[in-house]
Amino acid sequence: MAGCSGRGAGSLRVAVIDNGADLFAAGNRLSPGAQLIRAATRSGLVALDEKGDVVPALADQWTVTDDGLSYIFRLREGKWPDGREMTAQSVRSTLGDAIRGLRGTSLGLDLASIAQIRAMAGQVIEIRLSRPAPSLLQVLAQPELALQRGAPGKTGDTGPMLLERRGIAAVLQLKRPADRGLPEEADWGRYVRPVELTATSPARAIDLFGQDAVDVVLGGTLAWLPLAPSGPLSRGTVQLDPAVGLFGLQVRTGGGFLGEVRNREAIAMALDRAALIAPFNIGGWAPATRIVPPQLPGSREAGTQRWAGQPIDALRAAAARRVAGWRAAHGGAPVRLTLALGDGPGNRALMRELTSQLAGIGIVLEAVPEAAPADLVPVDRVARYAAPQWFLDQFNCALRQGLCDPAADALVAEAAAAPDPASRAAKLAAADAHLTEANLYIPFGSPIRFSLVRSNVTGFAPNAWAFHPLPPLAAIPK
């Protein structure tokens, strides 16, 4: 591997789990590794730090009006990579292009509240909204909203790091403080180090960590958690993110057994979610039976779960009766469902538990390759922000990702047009209830993300978005 074949003096070696990814991909659909590169080499109005908090980037200050309909950003002084002045008008134009490029994606739905971008006097732009969007700053901090205008120059692109390509790997170095919009420091170079980044397969990344060939591994999922080292702390630490998002199964086919809502509900009610994850020994993992997590701020169903207080044996007995009834009405043929699942020991353990649990209610579950047509597909997605709308938008019919419910989409649209926060919350709660009762998505709980981080590494922190930017890792504490 080009990024791991030789260690630069004092460099931090990072492997991101990203099979076959192009770290240097253009466009707006980025793999995990490409997101890291984009966030390091380009800046948006704001960015995410290692804790997942929104921090200044091209904008050094911002204010939000009391009605939540206007975000006003003051831009820091600077130039675009091609040497032209970074004016409010040029940022307005570039941001508009980035937003238009995201149409048709779930992130594009998150930006639908933007009605107008205005260039104001001096270095000030205003984003006007058609409705309040409390999570707008979090959305603007996503790597896909980093801005580019012209080809990179001698000082690189708009971001805080300079990029050097080494084959399929990347070496990134923090720019001079002045080029990052910071006060100049005479000895700043003593407190930074290069970051060598390579995208590779999960098994290879974990193996490199065990061989002391990399210092950090990013992007671990449940599929590969069993390979994470469990030996002495001196060989590294498994860092679990308190990730917010979706982890479960989405129904892809609308015929046969899965064509009936009550049958899809039978699968949802028969699952012992804690038992699904028990083999992985993850403390604090939260199972879920709803699309919008009950503990999420803004959830109208705070503290509630479906079938709360009902014994799993009783739920499975009811589910088995539904399966038996369907079989009797359809010639007695067994119910066979397919699940498209990727490789990895964690996925195999999950499949064994799912197969066993569904067999108990009379369903034969078969695994098929990840890219093959299937009745069910896994959903394993970290949220961009913690609000009900993000969860509901993931099943919007416009995304064409499986079975969907136009009525739920209509309720989300009505929430967007609602005149006050209480009405919006009520409409979103109705959309959540509608989608949940349709059982197009069968939740397990929170997504599972892990990293491998040596004890002497600084600039890393577990966070709800499971996003770990490279610039903080390049800084050496004074």
Side-chain angles (χ1 to χ4, degrees), residues 28 38-39 42-49 51-81 84-103 107-150 157-160 177-183 297-298 384-387 389-390 393 415-421 423-425 465 467 469 471:
N28 296 308
R38 181 72 59 85
R42 297 185 198 172
S43 290
L45 293 176
V46 290
L48 296 175
D49 68 7
K51 297 178 183 178
D53 295 331
V54 175
V55 294
L58 296 182
D60 53 18
Q61 294 181 20
W62 58 84
T63 58
V64 185
T65 56
D66 291 341
D67 61 7
L69 294 176
S70 178
Y71 285 66
I72 300 170
F73 297 86
R74 188 178 74 104
L75 304 173
R76 63 178 172 86
E77 297 291 335
K79 297 180 182 292
W80 292 106
R84 288 182 289 178
E85 290 294 326
M86 188 178 291
T87 64
Q89 181 61 39
S90 63
V91 170
R92 183 203 69 81
S93 175
T94 307
L95 179 58
D97 290 342
I99 291 171
R100 284 187 289 274
L102 289 166
R103 288 175 180 168
L107 188 54
L109 294 174
D110 298 329
L111 296 162
S113 61
I114 295 178
Q116 185 182 18
I117 306 173
R118 298 176 61 235
M120 302 173 71
Q123 295 293 100
V124 177
I125 70 167
E126 178 190 21
I127 297 179
R128 289 186 174 179
L129 306 180
S130 59
R131 61 182 185 272
S135 300
L136 181 65
L137 289 173
Q138 187 83 21
V139 176
L140 292 174
Q142 301 302 312
E144 290 84 350
L145 270 299
L147 304 182
Q148 179 191 39
R149 189 180 182 93
D157 216 318
T158 55
D179 293 331
R180 289 181 270 142
L182 302 173
R384 301 276 191 166
Y385 57 93
Q389 185 162 346
W390 181 88
D393 278 346
D420 58 80
S423 299
R424 283 192 290 276
W465 323 119
F467 184 72

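Note that the structure is a prediction, hence the values are computed from the model and not measured.
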| field | For K51, salt bridge (Lys or Arg N to Asp or Glu O under 4.0 Å) partners two or more places apart | value | none
| said: Which residues pass the side-chain contact (heavy atoms from CB on, under 4.5 Å) test with R424, not counting sequence neighbours? | reply: P132, A418, P421
| salt bridge (Lys or Arg N to Asp or Glu O under 4.0 Å) contacts touching residues 53-67 (sequence neighbours left out) | D60-R74
| said: Can you list everything that forms a side chain to side chain donor-acceptor pair (under 3.5 Å) with R384? Sequence neighbours excluded, please. | reply: Q142, E144
| Listed partners of R180 passing side-chain contact (heavy atoms from CB on, under 4.5 Å), at least two apart | P160, L174, K175, P177, L182, W188
| remark: Residue pairs meeting salt bridge (Lys or Arg N to Asp or Glu O under 4.0 Å), one or both in residues 118-132, sequence neighbours left out, come to R118-E126, E126-R128
| W62 to F73 - nearest heavy-atom pair and separation | CB-CD2, 3.6 Å
| field | Spacing of CG belonging to N28 relative to CG belonging to L107, to within rounding of 0.5 Å | value | 8.5 Å
| field | Donor + acceptor pair across side chains of T94, R149 (<3.5 Å) | value | yes
| said: Is a donor from one side chain sitting under 3.5 angstrom from an acceptor on the other, for D420 and S423? | reply: yes
| query | To the nearest 0.5 Å, how far apart are CG in L45 and OH in Y71? | reply | 12.5 Å
| request: Check the side chains of S90 and S93 for a donor-acceptor pair under 3.5 angstrom, ignoring hydrogens and angles. | output: no
| note | d(L109 CG, D393 CG) to nearest 0.5 Å is 4.5 Å
| What are the two closest non-hydrogen atoms of S43 and G159, and how far apart are they? | OG-CA, 3.3 Å
| Distance, nearest 0.5 Å, that separates CD1 of I125 from CG of L95 | 5.5 Å
